[in-house]
Each structure stands twice: as C-alpha cells, then as structure tokens.
Amino acid sequence: MSKRAVVLLSGGIDSTTSLAVARSRHFETFTISFRYGQRHQYELIAAEKVAKYFSVENHFTFDIDLRAIGGSALTSDIEVPKSSSIRDVSEQIPVTYVPARNTIFLSLALGWAEVLGAMDIFIGANAVDYSGYPDCRPEYIQAFERLANLATRVGVGGTKITIHAPLIELSKADIIKLGYELGVDYALTHSCYDPDPDGRACGTCDSCLIRKKGFAESGVQDPTIYIELE
C-alpha cells in the first residue's frame, strides 16, 4: 500500500508547492480546502484547479464559518490593508490574521488523515516571506505534531504522525523556483485577499505584494492578472 498524505490546499503559491513536494515524495495525496467565510473565496476555485492538475486522489472542501467569531479582515467588515511596505508586512501581525486558523484547519485535516490511514500531513506554512502570522512558525508546527501524536488513536498506539512544512524556511522566491522545477503551473494559483468578482488580483494587498516580490526575485514570470495592470 502506498503512503498516503493529506495536504492542506488553499490554492495559493505555498500550499500548491507543498502539494507538488508531497507528490515528488511519492505520496498518494488527498487535498483539503476550507470555505470558512473568507472574502477571497475565489481561492477555492484555484484550489480545485490545482487538485485537478495534480490528479489528487480526493479533493475535499470543508465548510466552517469563521465569520461567527470574526476578528480578521478576511472574515469580517474590517478593511483589507493596501499598499503596505514589504517591511511592514513582515514585522507585524496584520488584521488579515484569522484567529487560530491553522490550528482549526490542521485539526480537521488530522481527523480526516486518521480516517484515511494517512500518517503524513503537509502544510505550506512559511516563516520567511510571510505576513507575520504566529501559526506559520517552526515552533508552532513542532508543537502541533506533538499534539497530533498525543490526541489520536493511531498516535497513542505507536504510529507516528508527521506534520510536514517543507517550505517553512524558504523565501517566497525559493518556493516559486522549487515549484517551477516540480512542474507547478502558477497561473492556476490565487493569492489576493481582495480580488474583484472575476478573480483578478488587486495587486496592493499584503498577499499580492509578497507574491509580486517572490516572482520578481525568482526570475520566474508572474502569470497573475492584476487589476492595476489593465
């Protein structure tokens, strides 16, 4: 029986590259996305395209409405910040942080993984070129892995569950170069926090700025359609 892995797939650069890494390691991949009340739900269309592109065994979109607790520009009426500097993006926790998001997502992915008999979970967390989110740090990933092995039947039974964050110490440029080498089509991906109804990227939110910087430094052509470039 081949190794199975659950991959958290948002449809963005990092999660898509993480999926490509899992495939390159010969895992049988199952992808999970979340419709959590985010204003940028176009990313779910991108996730479906990416899952189809990689011919994953099963792509599952989980519905959970985090608008009920709010606290983020992505799930409430708080305005998405625009035109911040890259330095500002990396030095503070922005209002686009969704409270406990990765903990919620990883917990649901863990439950599905246990049912599937998948002892490996991949997440595209990154602690270099990221938006200052506390749940994207190596110590967080390590802590959740400990929790996963304490809180599951397979874990306490002696089968180790591994949380993979293969991109956690890479720059965005290095992530893009890695994905390009692994055959990722970044035209399928979506990063913008505040796209227009057609899914075109605003070009000025934190996520767009980080994406632009990554492509510029990687030498890989940016296939993104930005509103501002029309």
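Everything numeric in this text was worked out from a predicted model, so none of it was measured. As a basis for the values below, the full set of heavy atoms in this structure was taken, side chains included, without hydrogen atoms, waters or symmetry mates. When a residue number appears, it is its place in the shown sequence, counting from 1.
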Give the C-alpha distance, both sets of side-chain angles, the deciding distance and a yes or no for side chain to side chain contact (heavy atoms under 4.5 Å, CB included) between L147 and L106.
CA-CA 11 Å; L147 180 149; L106 278 170; over 6 Å; no

Within-4.5 Å side-chain heavy-atom neighbours: [X] and [Y]:
{"X": "E217", "Y": "S171", "result": "no"}
{"X": "L19", "Y": "V56", "result": "yes"}
{"X": "D135", "Y": "F144", "result": "no"}
{"X": "I123", "Y": "S18", "result": "no"}
{"X": "L178", "Y": "D174", "result": "no"}
{"X": "T189", "Y": "R211", "result": "yes"}
{"X": "E48", "Y": "L44", "result": "no"}
{"X": "V184", "Y": "Y53", "result": "no"}

Side chain to side chain contact (heavy atoms under 4.5 Å, CB included), that's the test. Do C202 and K82 meet it? Break it down for me.
CA-CA 9 Å; C202 72; K82 300 291 182 71; 3.8 Å; yes

Could you check whether atom CD of Q41 has more than 12 heavy atoms from other residues, nucleotides or ligands sitting under 6.0 Å from it?
yes

Whether over 12 other heavy atoms sit under 6.0 Å from D77 CG:
no

Under the salt bridge (Lys or Arg N to Asp or Glu O under 4.0 Å) criterion, do E57 and R23 qualify, and how do the steps go?
CA-CA 11 Å; E57 276 61 40; R23 300 284 288 187; 3.7 Å; yes

Between [atom1] of [X] and [atom2] of [Y], what distance do you get to the nearest 0.5 Å?
{"X": "S207", "Y": "I13", "atom1": "OG", "atom2": "CD1", "answer": "7.5 Å"}
{"X": "L8", "Y": "D14", "atom1": "CG", "atom2": "CG", "answer": "12.5 Å"}
{"X": "L66", "Y": "L74", "atom1": "CG", "atom2": "CG", "answer": "10.5 Å"}
{"X": "H190", "Y": "H40", "atom1": "NE2", "atom2": "NE2", "answer": "6.5 Å"}
{"X": "L209", "Y": "T204", "atom1": "CG", "atom2": "OG1", "answer": "7.0 Å"}
{"X": "E28", "Y": "L116", "atom1": "CD", "atom2": "CG", "answer": "9.0 Å"}

If you compare all heavy atoms of [X] against all heavy atoms of [Y], which two are closest, and at what distance to 0.1 Å?
{"X": "I176", "Y": "G214", "answer": "CD1-C, 3.5 Å"}
{"X": "S15", "Y": "G11", "answer": "OG-N, 3.3 Å"}
{"X": "C208", "Y": "G203", "answer": "SG-N, 3.3 Å"}
{"X": "A47", "Y": "S33", "answer": "CB-OG, 3.4 Å"}
{"X": "N126", "Y": "I168", "answer": "ND2-O, 3.7 Å"}
{"X": "V95", "Y": "P81", "answer": "CG2-CD, 3.6 Å"}

Relative to the ring of F34, is the ring of F62 parallel (under 30°), tilted (30 to 60°) or perpendicular (over 60°)?
tilted

Those residues at least two apart in sequence (or on a different chain) that pass side-chain hydrogen bond (donor to acceptor under 3.5 Å, both in side chains) with E139 are R137

I'd like to check the side-chain hydrogen bond (donor to acceptor under 3.5 Å, both in side chains) partners of Y42; sequence neighbours left out, ordered by chain and number.
none

Distance-only donor-acceptor pairs under 3.5 Å for side chains of residues 156-166, two or more places apart:
| residue | atom | partner | partner atom | Å |
| --- | --- | --- | --- | --- |
| K160 | NZ | E145 | OE2 | 2.9 |
| H164 | NE2 | D120 | OD2 | 2.6 |

Do side-chain atoms of N58 reach the backbone of F30 as a donor and acceptor pair under 3.5 angstrom?
no

Sub-3.5 Å donor-acceptor pair from the side chain of D196 to the main-chain atoms of D198, do we have one?
yes

Just by distance, with hydrogens left out, do [X] and [Y] show a side-chain donor and acceptor under 3.5 Å apart?
{"X": "R101", "Y": "S72", "answer": "no"}
{"X": "T103", "Y": "Y140", "answer": "yes"}
{"X": "R35", "Y": "T61", "answer": "no"}
{"X": "Y186", "Y": "T224", "answer": "no"}

Between [X] and [Y], is there a shared hydrophobic cluster once you connect ILVMFWY residues whose side-chain heavy atoms come closer than 4.5 Å?
{"X": "Y193", "Y": "I45", "result": "no"}
{"X": "I93", "Y": "V98", "result": "yes"}
{"X": "Y97", "Y": "I78", "result": "no"}

Could you walk me through whether L170 and V128 pass the side chain to side chain contact (heavy atoms under 4.5 Å, CB included) test, one step at a time?
CA-CA 6 Å; L170 298 182; V128 181; 5.9 Å; no

What do the steps show when you test E114 against R153 for side chain to side chain contact (heavy atoms under 4.5 Å, CB included), and what is the final call?
CA-CA 8 Å; E114 190 170 17; R153 179 170 57 190; 3.3 Å; yes

